[in-house]
Every structure is written in structure tokens, then in C-alpha cells.
Number of protein chains: 2
Amino acid sequence: MNTSANLVYEQVREMAANFEFKPAERINESELSKKLGASRTPLREAMNRLAAEGLLAFEGGRGFFCQPLNPQLVVHLYELREALEADAIRLATERASDEELAHFQQYLHDIAPRYTDSAPAREIVTLDEEFHLKIANLSGNPELKNMIELTYARIRYVRWISMREKIDITHAAHESIFKPVIARDQGLAVELMRKHIKKSNNEAIETVEKAFSQLYVPRH
Amino acid sequence: MNTSANLVYEQVREMAANFEFKPAERINESELSKKLGASRTPLREAMNRLAAEGLLAFEGGRGFFCQPLNPQLVVHLYELREALEADAIRLATERASDEELAHFQQYLHDIAPRYTDSAPAREIVTLDEEFHLKIANLSGNPELKNMIELTYARIRYVRWISMREKIDITHAAHESIFKPVIARDQGLAVELMRKHIKKSNNEAIETVEKAFSQLYVPRH
DNA sequence: GGACACCATGCTGTATACAATGTTGAGTTA
DNA sequence: TAACTCAACATTGTATACAGCATGGTGTCC
């Protein structure tokens with residue numbers, strides 16, 4: 001149902017994932033609720049959900065904060081992603097029907113032209129997430145998929161930034177990950193997925209470390 | 001801080017994990033809030049967090065419900081658990097210091113006497129969770145640990161029931177899982193952990209299926 | 001007898017008020 | 001100048017009120 005709390009939830013979720021709040025910024029409830037056209041009650045309900053998901057931080061008596069990303073947290077989230085996706089592709093290789101795999105291959109073929117150098121980084125990240133969530137869907141395990149989706153939301157922002165530099169290779173990588181799935185080669189599928197995520201992780205860490213070093217440049 | 005919403009959260013979390021609500025039961029907010037000595041506002045905030053964690057279900061316009069366990073969901077949660085714990089022990093084997101491992105071995109030795117046939121199933125489950133969460137801690141990844149902890153809360157109830165029949169073997173299994181960790185044998189540690197969880201999964205599924213068959217016995 | 005409509009009741013979803021706590025900044029002192 | 005005090009202010013946390021929707025039961029019609 002489209003309750004006000006749900007609408008507010010969607011909006012604030014986007015805002016948090018897109019880092020429209022400044023890192024560690026305290027979020028003013030009255031102000032934000034006015035901006036979103038609701039009262040504080042549904043806003044707080046939405047923010048409680050987001051805090052449980054890890055997209056916002058919460059401190060009793062002081063309210064809600066933007067959850068800042070630091071290099072360590074990014075490493076941890078990528079490790080989580082790797083654990084979840086390695087098993088997702090393992091299960092997908094085992095369970096997906098031939099028909100599902102054929103559809104997937106068609107999909108991969110169809111979106112290829114959208115991976116161009118001129119595409120903005122954010123769109124590439126969207127396409128990349130789409131690929132990975134489709135794999136997660138083929139695992140047939142919605143709980144696994146939800147966790148992966150959640151983990152993506154938490155690292156989306158850093159991916160936007162780190163994606164700027166390496167657009168073209170993504171689609172090729174996806175194609176080579178999918179090949180062993182079709183061949184029902186579980187071991188290779190898992191291995192390639194892990195490598196893919198590890199590589200992406202290294203780039204993301206670099207991005208965050210760069211941002212950190214810029215942050216701490218003395219100003220005077 | 002010990003805000004009322006936090007206290008209510010802890011209490012309702014326990015109630016949900018312990019299935020003190022009947023499966024798929026609609027939870028009456030006024031009634032429950034009165035019982036817990038708070039108003040509906042903090043109760044709803046707590047339940048929003050629990051719904052985000054998957055411990056309660058939510059339906060817009062109709063409120064919060066007990067999230068019922070069915071055989072399929074149990075399978076999915078155990079798969080999630082396997083994915084997370086396999087990587088947790090992989091990371092733990094890699095990262096834990098020799099000192100941490102020595103402490104862990106001491107801990108395993110110390111709690112051995114508490115695994116007796118006379119111990120109630122719930123205590124064995126508690127000890128078992130403790131073991132697995134300690135491993136998760138050794139991974140050095142708090143995000144991974146949180147997800148594991150959450151997954152445990154969601155399957156705790158079915159484990160209480162299925163544990164009744166096979167108490168004695170748990171501690172021995174833990175010891176054999178930990179051996180390759182000390183030997184820094186990553187492959188074997190992961191393999192044993194996966195097998196351990198799979199076995200536990202089979203028992204849990206059996207429990208839920210038994211419960212389901214009893215539920216649907218015609219009454220007249 | 002079964003299905004449907006309708007009303008009374010109860011419950012949820014949200015706005016608002018207020019108490020309690022945290023925050024900020026001016027003024028004071030060492 | 002730096003640190004500390006304290007009071008005015010801002011913000012959070014919670015209770016409560018109320019509108020609107022869901023629910024359950026009664027009566028009516030087929």
C-alpha cells in the first residue's frame with residue numbers, strides 16, 4: 001500500500017544511497033519532514049527501517065545520521081558482497097532452468113550497446129547492479145537476493161565515483177562470468193565472480209582512500 | 001541510550017525470535033504497547049526495525065504480523081547462513097592471530113562440560129550460536145557478523161525444536177571444525193563448516209515439515 | 001442455505017503537542 | 001587566549017487525538 005511512510009522511506013533511501021546527506025551529518029527531522037511533505041512520525045518510522053538496514057546511523061537521544069563510508073567499511077561490505085554473490089551464482093548454476101539461461105543470454109546481448117564510453121558512470125553502475133541482481137534472482141533464493149540488493153545500496157555511491165574510470169570492461173566481464181553458468185561449471189563461475197568483485201573492491205577502496213586523503217588536507 | 005523504543009525493541013525482538021506470536025498472527029499495537037508499558041509510537045518504531053530485519057512481516061494498512069516459517073523459507077535462510085559462515089571461517093582462518101586462536105581453543109575446552117544430555121535444547125542452541133558468532137568475530141568483519149547474527153535470530157525457534165534430538169554431537173562437531181582453522185587450512189575449514197550447516201539444515205527442514213503436516217491434519 | 005450488502009466497531013496511519021534532553025554561544029575567569 | 005559556566009534555544013522522544021480504512025457480524029435477497 002502507498003502509505004506516506006512508504007513513500008518517505010523510498011525517498012530517504014535514495015537520498016541516503018546517493019549521499020545527498022553529508023557524511024556523518026545529523027539529519028534534522030522537522031526540516032526533512034517538511035521538505036518531504038509529511039510529519040515527523042512517518043519519517044521516523046522510515047528512518048528506523050533505514051537504520052536497521054545500515055543505510056543510516058542512529059544514536060539514542062541525538063537522532064539519525066548519515067552513515068559515513070570509510071575504507072575499512074568498504075572492505076567489509078565488499079567481503080559481504082563476495083560471500084553472498086559467490087553462493088548466489090553457485091546456486092544459480094545449479095538451479096536455473098535452460099529457459100531462464102536462454103533469456104539471460106538474450107538480455108546480455110540486448111543491453112550490450114548501452115555500455116558505451118559516453119554513458120554516465122551512474123548508468124553503468126545501474127546496469128551492473130541489474131546484471132548481478134538478475135544472477136541473484138536465478139539462485140531462487142529471495143533472502144539471498146534481498147541481502148545482496150541491500151549491500152549494493154550501501155556501496156552504490158562509492159561505485160558511482162570509482163566507475164568513472166573503467167566503463168568499457170564491465171560488459172565483457174559479465175559475459176565471461178556468465179559463460180561457465182551456461183556450461184554448468186560451478187567452480188569456474190564462483191571463481192570468476194569472486195575475482196570480479198575483488199577487482200571492483202580494489203578500485204572502490206582506492207576511491208575512498210583518495211577521498212579521505214583529500215578530506216584531511218590541512219586547510220590553513 | 002536506554003530510550004523506551006530501544007527497550008521495546010529488545011523485548012519484541014525476543015518475542016518474535018521465540019515465536020511468542022502465533023505464525024501469521026496479526027499483532028495488535030494498542031494491546032502490545034499496553035503490555036510493554038509504552039505508547040504505540042515507540043512500539044511502531046521498534047516494529048519497523050524488526051520488519052526491516054525480517055523478524056516481523058508488515059502489510060500496509062493492516063499492520064505488523066508474525067513472520068511465519070515454512071520449509072522453503074527455512075531452506076533459504078540456511079543457504080544464506082551457509083554463504084555467510086563459509087566466508088566468515090575463510091576470513092577467520094586467514095586473519096585471526098595466534099593469540100586469538102589460543103583463546104578460542106581454551107574457550108572450547110572450558111564449555112565442553114555444558115554440552116550434556118541433560119541440558120535443555122535452548123541452552124544447547126545458545127552455546128551453538130555462541131560458537132558460530134565467535135568464529136564470525138574472528139573474521140574481523142562486523143558487517144558479516146551482524147548478518148550472521150540476524151540470520152540466527154530468524155531461525156532460532158526452529159532450531160530449538162530440532163535440537164531436542166541431537167544434543168551430544170554438537171560440541172564434537174565444533175571441535176573438528178576448529179582444528180583446520182588452527183592448522184590454517186582454509187579449504188578444509190570452509191568445507192567442514194558447510195557440511196555442518198547443511199546437516200543442521202536437513203534436521204531443521206524435517207522439523208518444519210513435521211510441524212506443517214501436523215498443522216494441516218483435518219480436524220473433524 | 002448460501003452469497004452479498006451494509007453498518008458498527010476496532011485498528012492502523014499520521015499529525016500534533018509537550019516534556020526532556022542535547023546544543024550553542026555569549027559571558028566570565030584564570 | 002583558552003577553558004569553563006550557564007542559560008536560551010533547538011531537537012529529539014513519546015503520548016495522545018483523530019481521520020480513514022479494514023474487519024466482522026447481522027440482515028436481506030436469491
Side-chain angles (χ1 to χ4, degrees), chain A residues 1-16 19-68 215 218-220, chain B residues 1-16 19-68 215 218-220:
Chain A
M1 201 211 202
N2 256 1
T3 152
S4 166
N6 280 334
L7 292 174
V8 167
Y9 168 80
E10 295 294 342
Q11 292 179 81
V12 181
R13 191 181 212 270
E14 280 308 297
M15 293 174 76
F19 263 67
E20 289 172 33
F21 307 112
K22 293 184 201 87
E25 178 193 6
R26 184 175 177 176
I27 298 169
N28 186 314
E29 297 174 7
S30 313
E31 197 181 327
L32 184 57
S33 69
K34 210 175 286 175
K35 191 167 138 190
L36 300 177
S39 82
R40 281 177 56 220
T41 311
L43 173 61
R44 279 179 64 93
E45 294 199 356
M47 293 204 294
N48 268 287
R49 289 188 228 171
L50 292 166
E53 294 177 358
L55 279 160
L56 291 180
F58 175 77
E59 217 171 309
R62 312 211 316 124
F64 295 89
F65 297 78
C66 173
Q67 169 73 57
L215 256 180
R219 293 270 175 81
H220 45 87
Chain B
M1 202 210 200
N2 256 1
T3 151
S4 165
N6 281 334
L7 293 175
V8 168
Y9 168 80
E10 296 294 342
Q11 291 179 81
V12 181
R13 191 180 211 272
E14 280 308 297
M15 292 174 76
F19 264 66
E20 290 173 34
F21 308 113
K22 293 185 200 86
E25 179 193 5
R26 185 174 177 175
I27 297 169
N28 186 316
E29 296 174 8
S30 313
E31 196 182 326
L32 184 56
S33 69
K34 209 174 288 176
K35 191 167 138 190
L36 300 177
S39 81
R40 280 178 56 220
T41 311
L43 173 62
R44 279 180 62 94
E45 294 200 355
M47 294 204 294
N48 268 287
R49 288 189 230 170
L50 292 166
E53 293 177 359
L55 279 161
L56 291 180
F58 175 77
E59 216 171 308
R62 313 210 314 125
F64 295 89
F65 297 79
C66 174
Q67 169 74 57
L215 254 181
R219 294 268 175 82
H220 45 85

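This structure is a prediction, so every number in the text was calculated from the model and none was measured. Residue numbers begin at 1 in each chain, while the letters A, B, ... track the order of the sequences.
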For this session: Would you please confirm or rule out a distance under 4.0 Å between OP1 or OP2 of dG13(C) and any side-chain N or O of Thr41(A)?
Result: no

Seminar exercise, completed: note: Glu45(B), atom CD; dA15(D), atom P; distance rounded to Å ~ 11 Å

For this session: To the nearest Å, give me how far apart CD1 (Ile27(B)) and C1' (dA22(D)) are.
Result: 17 Å

For this session: Quick one: label Arg26(A) by what it contacts on the DNA or RNA (base, sugar-phosphate, nothing), any heavy atom closer than 4.0 Å.
Result: sugar-phosphate

Exercise. What nucleotide, of dT12(D), dA15(D), dT14(C), holds the atom closest to the side chain of Arg44(A)?
Worked result: dT12(D)

For this session: Using a 4.0 Å heavy-atom cut-off across all strands, classify Phe58(B) as base, sugar-phosphate, or nothing.
Result: sugar-phosphate

Exercise. Base, sugar-phosphate alone, or nothing: which one does Leu43(A) contact when heavy atoms must sit under 4.0 Å apart?
Worked result: nothing

Seminar exercise, completed: The residue, Ser4(A) or Glu31(B), whose nearest nucleotide of DNA chain C is more 5′ is Glu31(B)

Exercise. How long is the span from the CD atom in Glu53(A) to the CD atom in Gln67(A), to the nearest 0.5 Å?
Worked result: 13.0 Å

Exercise. Do any N or O atoms from the side chain of Asn48(B) and from the backbone of Arg44(B) form a donor-acceptor pair under 3.5 angstrom?
Worked result: yes

Problem set entry | Shortest side-chain distance from Glu29(A), nucleotide among dT14(C), dT23(D), dT12(D) | dT12(D)

Seminar exercise, completed: Here the pair of heavy atoms bringing Leu50(A) nearest to Tyr9(A) is CD2-CE1, 3.5 Å

For this session: Send over the distance from Met47(B) CE to dT14(D) P, rounded to a whole Å.
Result: 15 Å

Problem set entry | Euclidean distance, atom CG of residue Asn48(B) to atom P of dT14(C) [Å, nearest integer] | 10 Å

For this session: Would you kindly check whether a donor in the side chain of Arg40(B) faces an acceptor in the base of dG13(C), or vice versa, at under 3.5 angstrom?
Result: yes

For this session: Give a yes or no on whether the backbone of Arg62(A) and the side-chain of Arg26(A) come within a donor-acceptor separation of less than 3.5 Å.
Result: yes

Problem set entry | Under 4.0 angstrom between Thr3(A) side-chain N/O and dT12(C) OP1 or OP2 | no

Problem set entry | Rounded distance in Å - CD (Glu59(B)) to C1' (dC21(D)) | 14 Å

Exercise. In whole Å, what is the span from the CG atom of Asn6(A) to the P atom of dT12(C)?
Worked result: 16 Å

Exercise. Tell me, do Phe64(A) and Leu32(A) make a side-chain contact under 4.5 Å, heavy atoms counted?
Worked result: no

Exercise. Nearest to the side chain of Asn28(A), which nucleotide is it out of dA15(C), dT11(D), dA22(D)?
Worked result: dT11(D)

Exercise. How many Å lie between CG on Asn2(A) and C1' on dG20(D), as a whole number?
Worked result: 16 Å

For this session: Could you state the atom-to-atom distance from OH of Tyr9(B) to P of dT14(D) in whole Å?
Result: 15 Å

